[in-house]
Amino acid sequence: MTLKTEKLFSDAYGIDRAIALLKSGQLVAIPTETVYGLAALALDANAAAEIFAAKERPAFDPLIVHVPRAWHSCAELIEADIFSPNKIGPHQQLVIDSLIRAFWPGPLTIVAPKSDKIPDIVTSGLGTVGVRMPDHPVAQVVLQRLGQPLAAPSANRFGRISPTTADHVIAELDGRIPAVLDGGRCDVGVESTIVAVESNGSLTVLRPGGVSVEALRAALAYELKSNADAIQIQTIAAGHVNSIQAPGMLENHYAPRKPMLLIAAGTSARLSKMDAANIEGIKNALRRFCPDALKVGYLVTSGSPAVHKRGLESALGLPVHVESLSPKGDMIEAARNLFAAMRKLDDEETLSCIIAEPCPNETGLAFAINDRLKRAATPSS
Ligand code: AMP
Ligand code: MG
């Protein structure tokens with residue numbers, strides 16, 4: 001394996017080098033608008049196998065296939081040997097085309113029957129493949145110049161926090177991959193929403209992500225000229241994983257090394273109104289979870305870090321480092337900052353553990369943020 005991972009700028013040299021490495025079957029981490037992806041040629045089973053080795057990813061967790069801008073319809077994806085030429089019915093095709101028109105390029109992965117050309121290792125032996133067209137200029141230049149699809153899961157060690165900068169990729173995979181192409185900070189910050197399009201055209205959200213369920217419903221209603229309430233969307237959120245449908249959606253994922261406790265939404269804001277018994281209850285829970293804590297990390301999705309810090313320190317009687325994902329409460333900004341904030345709390349040596357408050361409601365991107373927080377939290381066992 002490589003000794004040191006090369007950090008390439010997204011200039012002419014860097015992009016040429018990345019393409020040359022990929023063409024020779026090697027791995028390159030590339031920027032996308034969701035998180036950094038660890039890319040390899042999707043039609044090359046040996047190259048795809050390298051991804052599993054570098055990430056220490058179990059073989060049952062399928063990879064998402066990324067495609068160039070030109071493949072902007074179900075017919076083109078069939079033509080390009082991504083989707084099956086004979087296992088996709090007309091209604092399924094109509095829905096796939098609607099989703100492509102509404103959300104590609106962008107953070108939506110579409111799962112449908114695969115072509116025989118996609119190696120089994122990429123889909124973990126499933127008959128379906130997850131496909132996405134990333135909306136990042138660097139990812140698109142690489143894909144267009146290659147003219148072939150790239151398999152690219154998040155560029156982190158399996159189960160760990162996803163990377164949203166090239167430095168995060170280095171922190172996760174230095175020496176395990178030849179290169180990372182630096183394209184700056186990821187704009188969306190959480191992974192794509194994954195939807196399976198069933199043969200009757202109904203949708204199952206296998207993973208919440210950068211496209212909200214509300215946006216899916218509204219766009220499909222518009223495209224199919226239907227009433228929004230008539231659009232069937234089933235969701236599988238954290239805690240309700242169907243192991244057959246979504247083999248890779250493990251309950252414990254995106255995890256910091258430090259123990260992370262998920263606490264009720266709005267706890268910090270309510271402290272000043274709580275009576276002594278309630279506050280004692282929270283302190284006891286913290287002592288049980290993190291017995292010798294001298295200082296704790298506290299992640300909130302909104303509000304001023306200074307105000308949270310003051311209230312928490314006086315209630316808990318302990319120094320607290322607060323990370324607020326969006327002081328003004330914008331969930332798009334919160335999603336963008338989520339993984340970097342988790343990583344910062346994890347890397348801060350003085351903190352013994354992390355306490356995290358989810359978003360109080362689960363509309364829009366808050367659904368994806370809460371999904372990640374639930375999976376990142378230490379299981380209560
Ligand atoms: P990531 O590491 O963020 O790229 O995760 C990829 C995830 O996509 C996997 O963990 C699966 O949950 C999901 N996925 C990919 N392909 C399929 C598929 N064919 N069927 C169901 N889920 C899939
Ligand atoms: Mg991942």
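Excluded from the calculations below are hydrogen atoms, water molecules and symmetry mates; all remaining heavy atoms, backbone and side chain alike, are included. Indexing begins at 1, ligand by ligand and atom by atom, following the structure's order.
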Under 4.0 Å from a heavy atom of [X]: give me the atoms of ligand 1 that qualify, with their elements.
X	result
Val129	19 (N)
Pro153	2 (O), 4 (O)
Thr128	18 (C), 19 (N), 20 (N)
Val111	18 (C), 19 (N), 20 (N)
Leu126	18 (C), 19 (N), 20 (N)
Asp61	9 (C), 10 (O), 11 (C)
Glu191	3 (O)
Ser154	1 (P), 2 (O), 4 (O)

[Y] and [X] side chains, donor-acceptor separation under 3.5 Å:
X	Y	value
Gln234	Ser202	no
Glu191	Ser162	yes
Asp167	Thr165	no
Arg336	Ser326	no

Shortest reach to atom 5 (O) of ligand 1 by a heavy atom, considering only His66, Arg132, Arg207, Lys55
Arg207

What count do you get for protein N, O or S atoms closer to the Mg ion (ligand 2) than 2.8 Å?
1

Quickly, which of Thr5, Leu38, Val180 forms a side chain to side chain contact (heavy atoms under 4.5 Å, CB included) with Leu173? Name it, please.
Leu38

Pick out which of Thr109, Thr235, Ile96, Leu99 makes a side chain to side chain contact (heavy atoms under 4.5 Å, CB included) with Val195.
Leu99

In this structure, does ligand 1 have an atom that sits under 4.0 Å from one of the heavy atoms of Arg57?
yes

Does even one non-hydrogen atom of Leu206 get within less than 4.0 Å of ligand 1?
yes

Could you tell me whether [X] approaches ligand 1 through its side chain, its backbone, both or neither, with non-hydrogen atoms closer than 4.0 Å?
X	answer
Ile194	side chain
Thr109	neither
Lys114	neither

Taking side chain as C-beta onward, heavy atoms only, is Ser192 less than 4.5 Å from Arg207?
yes

Check whether any side-chain heavy atom of Leu286 lies under 4.5 Å from a side-chain heavy atom of Cys353, and answer yes or no.
yes

Hey, does the side chain of Arg69 reach the backbone of Gln144 with a donor-acceptor pair shorter than 3.5 angstrom?
no

Count the heavy atoms of every other residue, nucleotide or ligand shown that sit under 6.0 Å from CD of Glu280, and state whether that count exceeds 12.
yes

Would you say that more than 12 heavy atoms from the other residues, nucleotides or ligands in this model lie under 6.0 Å from the CG of Asn284, or not?
yes

Residue that, paired with Thr32, satisfies side chain to side chain donor-acceptor pair (under 3.5 Å) out of Arg132, Gln140, His66
Arg132

Report the C-alpha separation of Asn156 and Ile161 in whole Å, then their side-chain angles, then the decisive distance to 0.1 Å, and conclude whether the side-chain contact (heavy atoms from CB on, under 4.5 Å) test is met.
CA-CA 7 Å; Asn156 49 274; Ile161 305 171; over 6 Å; no

